[in-house]
Amino acid sequence: MTDQSSFPENDPADEPEMLGGPSGDTAVKDPDEWVTGDEPMTGAQRSYLDTLAREAGEEIPANLTKAEASEHIDRLQQATGRGASN
């Protein structure tokens, strides 16, 4: 029989590494911190940004990065009242 008193309960080394948790919405990340933020914007971003820019009466360059497009989308959603709630 093994002496279980030599095995600590809840040894942190035995716990699996965990991601996330109750610390808030970790899915929301500053576009400047995106790993792929410097890649060209996606087709979906381009289409939605075109719609928002037209509604806002603005012209926006078509060669934006993913991060730049996201920032414009956030700004234009506020200006047009679309998308995320205020």
Over all atoms of both residues, closest heavy-atom pair of [X] and [Y]:
X     : Y     : value
Ile73 : Leu49 : CG1-CD1, 3.8 Å
Leu76 : Ala56 : CD2-CB, 3.7 Å
Ala62 : Met41 : O-CE, 3.2 Å

Go through the steps for Arg75 and Glu58 under the test side chain to side chain contact (heavy atoms under 4.5 Å, CB included), then give the verdict. CA-CA 12 Å; Arg75 178 181 61 78; Glu58 292 188 25; 3.0 Å; yes
Within a strict 4.5 Å, meaning less than it, do heavy atoms of the Leu64 and Gln45 side chains meet? no
Side-chain touch Ile60/Leu52, heavy atoms, less than 4.5 angstrom: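 Sidechains of Leu52 and Ile60: no contact.
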Only one of Gln77, His72, Glu71 forms a side-chain contact (heavy atoms from CB on, under 4.5 Å) with Asp74, so which one is it? Gln77
What residues form a salt bridge (Lys or Arg N to Asp or Glu O under 4.0 Å) with Arg54, not counting sequence neighbours?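 Arg54 satisfies salt bridge (Lys or Arg N to Asp or Glu O under 4.0 Å) with Asp50 only.
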Under the side chain to side chain contact (heavy atoms under 4.5 Å, CB included) test, which residues partner Glu39, sequence neighbours left out?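 Side chain to side chain contact (heavy atoms under 4.5 Å, CB included) list for Glu39, sorted by chain: Thr36, Lys66.
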